[in-house]
Student: 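One structure coming up, written as structure tokens, with questions to follow.
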There are 2 protein chains.
Amino acid sequence: MPRPTIYDVAAAAGVATSTVSRAFSSPNRVNARTREHIFSIAADLGYRPNPHARALLSGRHHTVAMVVSDITNPHYFELIRGAELRARASEYTLVLVNAEESPRVEYDQIQRLVPSVDGFVLGASRLPDENLVQIAGQRPVVLMSRELSRLPSVVLEHTQGCHQIVEHLASFGHQHLVYLAGPRNSWMATTRWSALKSAGEELGLRVDRIGPFTPKASHGAAAADGAIRTGATAIVAHNDLLAIGVMRRLAQRSVRVPQDVSVVGFDNIFAADLCTPGLTTLGGAHADVGRVAVDILLQATGPLQPSGASPQVALPTELVVRESTGARA
Amino acid sequence: MPRPTIYDVAAAAGVATSTVSRAFSSPNRVNARTREHIFSIAADLGYRPNPHARALLSGRHHTVAMVVSDITNPHYFELIRGAELRARASEYTLVLVNAEESPRVEYDQIQRLVPSVDGFVLGASRLPDENLVQIAGQRPVVLMSRELSRLPSVVLEHTQGCHQIVEHLASFGHQHLVYLAGPRNSWMATTRWSALKSAGEELGLRVDRIGPFTPKASHGAAAADGAIRTGATAIVAHNDLLAIGVMRRLAQRSVRVPQDVSVVGFDNIFAADLCTPGLTTLGGAHADVGRVAVDILLQATGPLQPSGASPQVALPTELVVRESTGARA
DNA sequence: CTGAAAGCGCTAACAC
DNA sequence: GTGTTAGCGCTTTCAG
């Protein structure tokens with residue numbers, strides 16, 4: 001037996017289909033008694049509105065897509081969780097898309113989904129600005145871990161956080177640090193680099209940069225070797241995964257952390273607390289990033305036309321100090 | 001300007017809408033010349049088929065849902081990734097749902113999605129058998145990390161794996177081990193317990209069980225304390241997260257691993273290699289679990305009616321031995 | 001407050 | 001090979 005439709009319900013309830021429709025979509029526009037009657041009949045029949053038929057007409061799908069640069073990066077766990085919770089709270093479905101660090105995959109997937117979703121939350125998008133603007137022209141977009149004027153975004157307060165990192169390292173007497181940059185097209189990588197550099201200038205440290213590196217543990221070896229060559233006494237890796245990979249390689253090469261070199265990461269993933277030594281890292285309320293991003297998106301997809309306002313939210317970070325940083329010995 | 005429809009394309013191309021439709025849905029049923037003409041016009045107009053209108057008629061949405069018991073469990077990373085890749089390869093969209101260890105949330109979410117997806121992949125479902133059977137009556141279902149007669153499933157070869165664990169521990173002279181059980185309604189928990197027990201009987205070890213425990217690191221303290229009380233010399237935790245939490249607690253209580261007690265986990269998550277001591281754990285090709293599950297699902301949602309066959313796939317496991325297991329000292 | 005009827009974008013008979 | 005014509009399930013004027 002196929003799913004019952006409003007026709008079945010209408011027939012069984014002895015009313016018109018439009019009344020059934022109204023009972024579900026704007027309950028207050030129908031007599032309380034008939035409404036209840038319809039509901040009970042509908043329940044008996046096991047009727048449930050077909051979202052596609054609804055979407056066909058309204059153009060709204062009650063679905064948002066979240067695109068992440070690499071789904072296996074633990075950093076995204078909390079982001080996804082926060083976004084999912086927020087979406088569900090408004091009875092929205094969250095479609096998860098993995099861009100696998102590939103702008104092409106990212107763009108294709110987004111275009112594929114444009115007709116099916118009400119908006120996009122883009123995590124650390126690797127797409128060029130023009131693409132983002134274009135996508136925003138098709139559907140509301142909220143960026144995470146990236147800022148772009150005229151588009152709403154949610155980021156962690158990296159600039160201040162980077163300053164904190166440099167201060168922390170300076171307090172141990174470090175005078176030369178190196179930033180292991182993330183992917184070329186990562187806005188975060190660019191921003192962190194300039195934040196570190198200016199903090200370095202301010203505090204009188206030399207700051208180098210090498211890379212780009214794919215921010216995975218497996219790429220840590222190359223990054224570590226490069227870092228050693230710079231002669232820096234402190235390494236700031238683009239994220240925790242890379243930092244962990246770096247520490248592994250350093251251990252292999254008998255470089256002691258933090259006695260010979262200090263290591264700092266970003267994200268404060270679960271594993272940062274488990275590796276040895278524990279990784280000093282810049283953390284933040286990641287779940288909130290996801291939550292707020294969806295929040296803004298739902299606002300934009302809401303009945304009120306997207307207002308000119310494009311909120312750019314920056315959430316606070318916190319430097320989690322563990323054992324991977326210290327004075328040279 | 002609204003999205004162009006087949007009407008716009010048809011008008012611009014000087015053909016009927018059905019021809020446009022055919023050009024896109026069954027290209028070989030239309031003259032090559034007209035087809036190319038239609039395509040080029042469509043491209044100019046930026047036409048893209050509306051999947052909802054399509055779904056409304058065909059009932060197929062090119063979308064599958066994957067439900068996981070807890071999205072923040074790293075164990076799922078690879079599963080999700082494998083599933084996502086496989087889905088995308090067939091141009092299917094993967095909707096990710098987080099059940100948050102709650103059967104109620106899980107069931108509600110599934111019911112919400114029934115009208116919008118072609119099938120479900122259920123990871124470590126916490127639902128009772130009857131519910132699963134009922135859902136399978138609404139849409140094709142493939143289980144992961146759970147078996148149920150008449151439903152297709154993909155699991156890791158836990159039974160043999162558990163045997164391997166017990167053998168490994170026995171080889172170190174352990175004679176008493178305790179299993180820290182996962183959630184009450186976890187099929188895996190039940191299966192592992194009976195597998196461990198029968199392996200214990202066979203090899204002459206005493207095997208206790210305590211729990212259930214929520215398989216997160218934060219619940220490790222209670223689990224560790226309970227384990228100590230049993231007097232067992234080896235602890236087999238329901239998963240790596242719990243095992244890591246247990247090891248933390250043991251360290252706090254100055255119980256040495258593995259000198260005083262050995263610890264084993266399941267899943268071989270990234271962090272298992274990072275904690276100190278490294279965690280011995282039962283791993284497997286998790287990405288394959290997700291991949292194969294979607295593979296089976298797409299077969300079932302395919303044009304050919306769901307055949308009676310319900311493949312029950314069991315993928316091999318491998319015991320990854322690290323430093324958390326050894327002889328007592 | 002409720003019914004009748006048109007149509008959202010597309011597909012699937014059925015003709016030609 | 002292509003056009004015509006009904007709908008898919010629902011919402012939404014417009015009457016009543």
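Note that the structure is predicted; figures quoted are calculated from it, not measured.
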Student: Nearest whole angstrom, please: distance from the P of D:dC14 to the CZ of A:Arg29.
Tutor: 13 Å

Student: How long is the line joining CZ of A:Arg60 and P of D:dT12, in whole Å?
Tutor: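 It is 12 Å, rounded to the nearest whole Å.
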
Student: Could you tell me how far apart A:Leu56 (CG) and C:dA6 (P) are, to the nearest whole angstrom?
Tutor: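 Distance check: A:Leu56 CG to C:dA6 P gives 18 Å.
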
Student: Is there a side-chain contact between B:Arg54 and the phosphate of C:dG9, meaning an N or O under 4.0 Å from OP1 or OP2?
Tutor: no

Student: Quiz question: by atom type and distance under 3.5 Å, do the side chains of B:Glu84 and B:Tyr92 form a donor-acceptor pair?
Tutor: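 No, no side-chain donor-acceptor contact under 3.5 Å.
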
Student: NE2 of A:His61 versus P of C:dG9: gap in Å, rounded?
Tutor: 11 Å

Student: Could you tell me how far apart A:Ile6 (CD1) and D:dG7 (C1') are, to the nearest whole angstrom?
Tutor: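 About 14 Å, once rounded to whole Å.
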
Student: How do B:Asn28 and A:Arg48 order along DNA chain D: which one's closest nucleotide is nearer the 5' end?
Tutor: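 Per heavy-atom nearest nucleotide, the more 5' residue is B:Asn28.
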
Student: Would you say a side-chain N or O of A:Ser18 is under 4.0 Å from OP1 or OP2 of C:dA5?
Tutor: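 No, A:Ser18 has no side-chain N/O under 4.0 Å of OP1/OP2 on C:dA5.
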
Student: Charged N to carboxylate O below 4.0 Å: is that the case for B:Arg146 and B:Asp129?
Tutor: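 Salt bridge present between B:Arg146 and B:Asp129.
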
Student: Would you check if there is a donor-acceptor pair between the side chains of A:Ser125 and A:Glu106 at a distance under 3.5 Å?
Tutor: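 There is such a pair (donor and acceptor under 3.5 Å, judged by atom type) between the side chains of A:Glu106 and A:Ser125.
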
Student: Which part of the nucleic acid, if any, lies within contact of A:Val20, taking any heavy atom under 4.0 Å across all strands shown: a base, the sugar-phosphate backbone alone, or nothing?
Tutor: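 Touches nothing.
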
Student: Rounded to whole angstroms, how far apart are NE2 on A:His52 and C1' on C:dT11?
Tutor: 16 Å

Student: Closer than 4.0 Å, any side-chain N/O of A:Ser21 to the OP1 or OP2 of D:dG9?
Tutor: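 Indeed not, no polar side-chain atom of A:Ser21 lies that close.
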
Student: What nucleotide, of C:dC14, D:dC8, D:dC10, holds the atom closest to the side chain of B:Arg22?
Tutor: C:dC14

Student: Base, sugar-phosphate, or nothing: which does B:Tyr7 touch, judged by heavy atoms less than 4.0 Å apart?
Tutor: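 Base contact.
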
Student: State whether B:Tyr47 places a side-chain N or O below 4.0 Å from either non-bridging phosphate oxygen (OP1 or OP2) of C:dC10.
Tutor: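 Yes, within the criterion.
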
Student: Are B:Ser69 and B:Tyr76 close enough that a side-chain donor and a side-chain acceptor fall under 3.5 Å?
Tutor: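 Side-chain D/A pair, B:Ser69 to B:Tyr76: present.
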
Student: Please pick, from C:dC10, D:dG3, C:dG3, the nucleotide with the shortest atom-to-atom distance to any side-chain atom of B:Ala16.
Tutor: D:dG3

Student: Expressed as a whole number of angstroms, how long is the span from B:Asp8:CG to C:dC10:P?
Tutor: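 For the pair B:Asp8 CG and C:dC10 P, the rounded distance is 9 Å.
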
Student: Looking just at side-chain N and O atoms, do A:Arg112 and B:Thr93 make a donor-acceptor pair shorter than 3.5 Å?
Tutor: yes

Student: Go nucleotide by nucleotide along DNA chain C from the 5' end; which of A:Gly14 and A:Ala53 gets its closest nucleotide reached first?
Tutor: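 Counting from the 5' end, the first nearest nucleotide belongs to A:Gly14.
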
Student: Using a heavy-atom cut-off of 4.0 Å across all strands, would you classify A:Thr34 as base, sugar-phosphate, or nothing?
Tutor: sugar-phosphate

Student: I need the CG-C1' distance between A:Leu57 and D:dC10, as an integer number of Å.
Tutor: 6 Å

